[in-house]
Undergrad: 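One structure, as structure tokens, below. Some questions next.
Hydrogens, waters and symmetry mates are skipped; everything else that's a heavy atom, side chains included, is used. Quick caveat, the model's predicted, so the values are computed rather than measured.
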Protein chains: 2
Amino acid sequence: MQQGDFFDPSCPTRVVLDRIGDKWSVLVVLSLHRGPRRFTELRDMIGGVTPKVLTQTLRAMERDGLLTRKVFAEVPPRVEYTLTELGQSLQEPLQAVTDWAEHNVNAVMSARDLHDTRATA
Amino acid sequence: MQQGDFFDPSCPTRVVLDRIGDKWSVLVVLSLHRGPRRFTELRDMIGGVTPKVLTQTLRAMERDGLLTRKVFAEVPPRVEYTLTELGQSLQEPLQAVTDWAEHNVNAVMSARDLHDTRATA
DNA sequence: CAGTATCCTTCGCGATACTG
DNA sequence: CAGTATCGCGAAGGATACTG
């Protein structure tokens, strides 16, 4: 299991990691897990995201083949975002990470407090 | 399985996600997977990281209880970084993500090329 | 060897306002 | 409703040089 090449900055895996590293992308994937969502739904689900950033994120993810954007010719306009198979396959490992986060956030916060207390004391 | 709270900006899970979102942290965890490493070893393994950023990353991870820093009173000085149990437990879900990245980077790049071609054409 | 110090760029992101 | 346009800042990250 050679993974030295993984650390090469020019390795395309880094590209993927950069995308995943974007917390908004992660939250979008999680938000779309249960099915298609509209723009406003996503914005409401994901606290603190501005329309601009959400749009950027969605466009980038569409470009990477993680989701599809479907516009309905209606009034008022409606746009639905849906995970592709690729996007859905990403959801699994991502879920593993967020599960870890939920289970271990206390441990992290405790370690942080302890560390800070020692530093202050 | 309520995960609506997960999207609250004030949710501590976001904190963890921010740390994981840092690509350097991810690479450090992966680098330490096989055992303790020295500062220079890490810097060499992880391409493109500057000492400053690596130090920042290591300090933050130490603070969060993900790794320990051990200084040996030798000349020349030696410092070893080791994953804690918490850090090791994080390695698993992270590995899942990077595995996904390795397996699907081609699909992502293809989607990207296709998208860009259409846009240009 | 294992960092620290300093400077500087850039650019992600937020706030706000406007539109098809 | 689903965005786009514009402005601006603050902080992360890079390059470089120096030190215990």
Side-chain angles (χ1 to χ4, degrees), chain A residues 7-11 14-28 31-32 35-64 67-82 115 119, chain B residues 7-11 14-28 31-32 35-64 67-82 115 119:
Chain A
F7 297 100
D8 183 344
S10 64
C11 175
R14 281 279 189 100
V15 175
V16 176
L17 208 46
D18 283 346
R19 173 127 317 288
I20 292 169
D22 177 16
K23 79 179 169 193
W24 300 124
S25 296
V26 174
L27 296 175
V28 167
S31 299
L32 290 179
R37 292 286 182 270
R38 305 177 59 171
F39 186 87
T40 310
E41 287 180 309
L42 287 173
R43 191 180 53 184
D44 292 344
M45 291 177 76
I46 304 172
V49 69
T50 59
K52 190 184 80 173
V53 173
L54 182 56
T55 301
Q56 285 175 354
T57 304
L58 291 170
R59 292 287 195 275
M61 293 177 69
E62 186 187 11
R63 183 167 103 102
D64 287 352
L67 55 78
T68 56
R69 177 174 179 272
K70 182 165 189 180
V71 182
F72 294 84
E74 303 175 355
V75 177
R78 185 159 64 106
V79 179
E80 274 189 1
Y81 294 92
T82 313
H115 186 92
Chain B
F7 297 98
D8 184 344
S10 63
C11 175
R14 281 279 188 101
V15 176
V16 176
L17 208 47
D18 284 345
R19 173 128 318 287
I20 291 169
D22 177 16
K23 78 179 167 192
W24 299 124
S25 297
V26 175
L27 295 175
V28 166
S31 300
L32 292 179
R37 292 286 181 271
R38 306 176 58 171
F39 186 86
T40 311
E41 287 180 307
L42 286 173
R43 190 180 54 184
D44 293 343
M45 291 176 77
I46 304 172
V49 69
T50 58
K52 190 186 81 172
V53 173
L54 182 55
T55 300
Q56 283 175 357
T57 303
L58 290 170
R59 292 287 195 275
M61 293 177 69
E62 186 188 10
R63 182 167 105 101
D64 287 353
L67 56 78
T68 56
R69 178 174 178 272
K70 183 165 187 180
V71 182
F72 294 84
E74 301 176 357
V75 177
R78 185 159 65 106
V79 178
E80 274 189 1
Y81 294 92
T82 312
H115 186 91

Undergrad: When you measure from the side chain of B:Q56 to the backbone N and O of B:V53, does any donor-acceptor pair fall under 3.5 Å?
TA: no

Undergrad: Starting at atom CZ of B:R78, determine the distance to atom C1' of D:dG20, rounded to an integer number of angstrom.
TA: 18 Å

Undergrad: Between the side chains of B:E80 and B:R78, is the shortest nitrogen-to-carboxylate-oxygen separation below 4.0 Å, so that they form an ion pair?
TA: yes

Undergrad: Between the base of D:dG14 and the side chain of B:K52, is there any donor-acceptor pair under 3.5 Å?
TA: yes

Undergrad: On DNA chain C, compare the nucleotides closest to A:T50 and A:P77; which residue's is nearer the 5' end?
TA: A:T50

Undergrad: Treating B:E62 as the side-chain partner and B:R59 as the backbone partner, does any N or O pair qualify as donor plus acceptor under 3.5 Å?
TA: no

Undergrad: Nearest whole Å is fine: how far is D:dG13 P from B:R59 CZ?
TA: 16 Å

Undergrad: Is there a Watson-Crick or G-U wobble partner for C:dT16 with both distances under 3.5 Å, and if so, which one is it?
TA: D:dA5

Undergrad: Any side-chain N or O of B:Y81 under 4.0 Å from OP1/OP2 of C:dC1?
TA: no

Undergrad: What pairs of donor and acceptor atoms, side-chain ones from residues 16-26 of chain A against any protein atom, are under 3.5 angstrom apart with sequence neighbours left out?
TA:
| unit_1 | atom_1 | unit_2 | atom_2 | d |
| --- | --- | --- | --- | --- |
| A:R19 | NE | A:D64 | OD2 | 2.6 |
| A:R19 | NH1 | A:S25 | OG | 3.3 |
| A:D22 | OD1 | A:W24 | N | 3.1 |
| A:D22 | OD2 | A:S25 | OG | 3.1 |

Undergrad: Does A:R38 place a side-chain N or O at less than 4.0 Å from the phosphate oxygens OP1/OP2 of D:dA2?
TA: yes

Undergrad: What's the CD1-P distance between B:I46 and D:dG13, to the nearest Å?
TA: 13 Å

Undergrad: NA contact type, A:F72, heavy-atom cut-off 4.0 Å: base, sugar-phosphate, or nothing?
TA: nothing

Undergrad: Going by side chain to side chain contact (heavy atoms under 4.5 Å, CB included), B:V28 matches just one of B:M45, B:R37, B:M61. Which one?
TA: B:M61

Undergrad: Could you give the NZ-to-C1' distance, from B:K70 to C:dC1, as a whole number of Å?
TA: 18 Å

Undergrad: Starting at atom CD of B:Q56, determine the distance to atom C1' of C:dA2, rounded to an integer number of angstrom.
TA: 15 Å

Undergrad: Out of C:dA2, C:dA15, D:dG13, which nucleotide sits closest to the side chain of B:V53?
TA: D:dG13

Undergrad: For B:R69 and C:dG3, is the shortest distance between a side-chain N/O and OP1 or OP2 below 4.0 Å?
TA: yes

Undergrad: Report yes if at least one side-chain N or O of A:T55 is closer than 4.0 Å to OP1 or OP2 of D:dT4; otherwise report no.
TA: yes

Undergrad: Tell me: NZ of A:K23 to P of C:dG14, nearest whole Å?
TA: 7 Å

Undergrad: Can you identify which nucleotide, out of C:dA2, D:dG3, D:dG14, has its nearest atom closest to the A:V79 side chain?
TA: D:dG3

Undergrad: Check the phosphate of D:dA2 against A:T40, side-chain N and O only, distance under 4.0 Å to OP1 or OP2. Yes or no?
TA: yes

Undergrad: Can you tell me how far C1' of C:dT4 sits from CG of B:L54, to the nearest Å?
TA: 13 Å

Undergrad: What integer distance in Å separates A:L58:CG from D:dA2:P?
TA: 11 Å

